[in-house]
Enquirer: 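Dumping the structure here so I can ask a few things about it.
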Amino acid sequence: MKKTVLLITALFALLVALGSCEKKKNTPAYDNSLWAVEMEEQYVGTYLPKEFIDTLCTTKSYVKAMRSEPNGNHIIAVEKNIVYANDDYYDQYAYRKEYVENFVFESDGDEMVLTYEGKKYVRISDSPDYYRAMTPFVLNIMFAGYKDIKITSYNKIEIQGEEYKFLHSIGFYEYDILPELFLADSESQYSCRIHDGKMELRKLEEKSLVTKKESEEIAKFFILTEDETPAL
């Protein structure tokens with residue numbers, strides 16, 4: 001009886017093992033051919049919509065640039081073997097190969113321009129790491145001329161000795177008047193407005209699990225000093 005139980009147990013274990021092998025055999029390998037591309041080195045980098053750059057340079061407002069039409073919040077990152085897109089910095093996905101084949105790259109002076117579906121994207125960096133590429137690009141344009149604002153890392157700035165993190169996504173906040181950008185310190189997140197050399201920060205308070213609403217009270221206030229060094 002004991003030998004019979006052991007034999008049945010052994011047979012059961014063998015059947016389970018064979019079933020497992022068959023399952024692995026029948027499971028298809030991951031196929032990345034839908035997204036796999038071969039991009040020339042000269043095209044690799046981070047591309048931003050032309051309307052984003054134009055709006056940012058004109059208004060010095062990151063939020064307005066992200067909201068610019070037709071798709072100011074759409075970022076494209078071209079790598080050697082895959083092309084990523086991201087909308088508002090929280091929705092990353094890969095372009096399928098057949099779409100990438102319709103990309104048109106043109107050199108416009110010192111700039112590389114990508115055209116797709118009639119929309120133009122300008123390369124701001126030859127690195128596809130768009131978080132590291134975009135932040136200094138944006139902040140250097142926004143705060144050019146203010147000597148008491150410094151970029152301390154790829155996503156942080158220092159305002160008169162106080163360090164703040166630059167928040168990329170703008171889709172989770174509610175406000176009455178359009179701010180220029182959103183910042184955060186170790187304690188809170190803030191909306192930020194700049195006007196006539198004055199910067200005001202308002203706290204963003206929890207409204208729901210995913211959204212925050214701007215407080216009516218000004219949490220912090222800075223008088224910015226313009227750099228009077230003449231341009232060369």
Side-chain angles (χ1 to χ4, degrees), residues 24 26-144 151-157 165-172 180-184:
K24 289 181 179 179
N26 294 332
T27 301
Y30 176 72
D31 180 14
N32 67 345
S33 61
L34 293 175
W35 300 274
V37 294
E38 293 183 10
M39 305 301 297
E40 295 182 28
E41 188 69 36
Q42 61 178 322
Y43 301 139
V44 171
T46 295
Y47 293 76
L48 298 182
K50 187 177 186 302
E51 61 268 22
F52 174 95
I53 297 174
D54 291 344
T55 303
L56 181 69
C57 292
T58 302
T59 66
K60 300 294 189 293
S61 171
Y62 173 72
V63 175
K64 287 182 180 178
M66 288 286 281
R67 290 162 58 102
S68 60
E69 297 293 338
N71 61 338
N73 69 340
H74 188 74
I75 301 97
I76 298 178
V78 178
E79 299 185 9
K80 285 282 291 181
N81 300 116
I82 194 166
V83 177
Y84 288 109
N86 196 313
D87 294 322
D88 194 34
Y89 287 91
Y90 68 83
D91 183 20
Q92 177 177 287
Y93 53 93
Y95 271 107
R96 290 170 65 107
K97 183 178 181 179
E98 64 262 33
Y99 300 147
V100 176
E101 290 173 348
N102 292 319
F103 284 10
V104 177
F105 293 91
E106 296 177 293
S107 179
D108 185 5
D110 295 333
E111 296 179 337
M112 181 62 69
V113 179
L114 185 168
T115 303
Y116 176 62
E117 294 185 336
K119 303 179 181 70
K120 293 187 178 297
Y121 302 83
V122 179
R123 186 170 66 178
I124 63 166
S125 171
D126 57 9
S127 168
D129 185 345
Y130 50 88
Y131 278 98
R132 290 182 177 272
M134 183 180 183
T135 309
F137 176 82
V138 167
L139 298 179
N140 275 316
I141 291 175
M142 288 191 64
F143 298 124
I151 300 175
T152 57
S153 73
Y154 82 93
N155 69 340
K156 293 181 180 178
I157 61 172
K165 181 180 179 181
F166 172 66
L167 301 178
H168 294 82
S169 179
I170 67 169
F172 302 103
E180 269 65 65
L181 74 162
F182 298 101
L183 300 172

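When reading the values below, keep in mind they use all heavy atoms of this one structure, side chains included, and skip hydrogens, waters and symmetry mates.
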Enquirer: Between Ile76 and Val78, is any pair of side-chain heavy atoms under 4.5 Å apart?
Expert: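 Heavy-atom side-chain distance check passes, below 4.5 Å.
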Enquirer: If you measure from CD1 on Ile157 to NZ on Lys165, what distance do you get to the nearest 0.5 Å?
Expert: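 The NZ atom of Lys165 is 13.0 Å from CD1 of Ile157, to the nearest 0.5 Å.
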Enquirer: When you compare the side chain of Tyr93 with that of Asp87, does any pair of heavy atoms fall below 4.5 Å?
Expert: yes
Enquirer: Looking at Lys97, I want to see if its NZ is surrounded by more than 12 non-hydrogen atoms of other residues, nucleotides or ligands under 6.0 Å.
Expert: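 It does not: Lys97 NZ has 12 such atoms or fewer within range.
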Enquirer: Mind checking the NE2-OG spacing from His74 to Ser68? Nearest 0.5 Å is all I need.
Expert: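 Reported to 0.5 Å precision, the distance equals 12.5 Å.
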Enquirer: List the steps, then state whether side chain to side chain contact (heavy atoms under 4.5 Å, CB included) holds for Val63 with Phe182.
Expert: CA-CA 8 Å; Val63 175; Phe182 298 101; 3.9 Å; yes
Enquirer: Going by atom types only, do Tyr95 and Glu101 share a side-chain donor-acceptor pair under 3.5 Å?
Expert: no
Enquirer: Just how far is it from atom CE of Met142 to atom OH of Tyr62, taken to the nearest 0.5 Å?
Expert: 10.0 Å
Enquirer: For residues 114-121, tabulate all N or O donor-acceptor pairs below 3.5 Å that involve a side-chain atom, not counting sequence neighbours.
Expert:
from: Thr115; atom 1: OG1; to: Lys120; atom 2: NZ; distance (Å): 3.2
from: Tyr121; atom 1: OH; to: Asn71; atom 2: ND2; distance (Å): 2.8

Enquirer: Rounded to the nearest 0.5 Å, what separates atom CD1 in Ile75 from atom NE2 in His168?
Expert: 9.0 Å
Enquirer: Does OH belonging to Tyr131 count more than 12 external heavy atoms closer than 6.0 Å?
Expert: yes
Enquirer: From Ile82 CD1 over to Glu38 CD, what is the distance, rounded to the nearest 0.5 angstrom?
Expert: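 Going from CD1 on Ile82 over to CD on Glu38, the span is 13.5 Å.
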Enquirer: Check whether the side chains of Asn155 and Thr135 place a donor and an acceptor atom closer than 3.5 Å, and report yes or no.
Expert: no
Enquirer: Please tell me if the side chains of Met39 and Phe105 come closer than 4.5 Å, counting only heavy atoms from C-beta onward.
Expert: yes
Enquirer: Is there a side-chain contact between Glu41 and Lys80, using heavy atoms and a 4.5 Å cut-off?
Expert: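 Yes. Closest side-chain heavy atoms under 4.5 Å.
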Enquirer: Under 6.0 Å between ring centres, would you say that holds for Tyr90 and Phe172?
Expert: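 Yes, the ring centres sit under 6.0 Å apart.
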Enquirer: Can you list the steps and then say if Phe137 with Ile53 is a side chain to side chain contact (heavy atoms under 4.5 Å, CB included)?
Expert: CA-CA 10 Å; Phe137 176 82; Ile53 297 174; 4.1 Å; yes
Enquirer: State, yes or no, whether a side-chain contact exists between Leu181 and Leu139 at a heavy-atom distance under 4.5 Å.
Expert: yes
Enquirer: Indicate yes or no: at least one non-hydrogen side-chain atom of Thr55 is less than 4.5 angstrom from one of Ser61.
Expert: no
Enquirer: Nearest heavy-atom pair of Ala77 and Tyr130: which atoms, and what distance?
Expert: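 Reported closest heavy-atom pair: CB-CD2, 3.6 Å.
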Enquirer: Side-chain contact test, heavy atoms from C-beta onward, threshold under 4.5 Å: evaluate it for Val138 versus Phe166 and give yes or no.
Expert: yes
Enquirer: So does Asp88 get a backbone contact from the side chain of Ser169, meaning a donor-acceptor N/O pair under 3.5 Å?
Expert: yes
Enquirer: Run the side chain to side chain contact (heavy atoms under 4.5 Å, CB included) test on Lys156 and Ile151 for me, step by step, so that the C-alpha distance in whole Å, both residues' side-chain angles and the decisive distance to 0.1 Å come before the verdict.
Expert: CA-CA 6 Å; Lys156 293 181 180 178; Ile151 300 175; over 6 Å; no
Enquirer: Taking distance alone, no hydrogens or angles, what donor-acceptor pairs closer than 3.5 Å link side-chain atoms of residues 42-49 to residues at least two apart or in another chain?
Expert:
from: Gln42; atom 1: NE2; to: Glu40; atom 2: OE1; distance (Å): 2.6
from: Thr46; atom 1: OG1; to: Ser127; atom 2: O; distance (Å): 2.6
from: Tyr47; atom 1: OH; to: Tyr43; atom 2: O; distance (Å): 2.7

Enquirer: Strictly distance-based, threshold 3.5 Å: is any side-chain N or O of Asn140 a donor or acceptor partner for the main-chain N or O of Pro136?
Expert: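 Judged by distance alone, yes, a pair lies under 3.5 Å.
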Enquirer: Once you round to the nearest 0.5 Å, how far does CD of Glu111 lie from NZ of Lys50?
Expert: 8.5 Å
Enquirer: Could you tell me which non-hydrogen atom of Glu106 sits nearest to which non-hydrogen atom of Met112, and how far apart they are?
Expert: O-SD, 3.5 Å
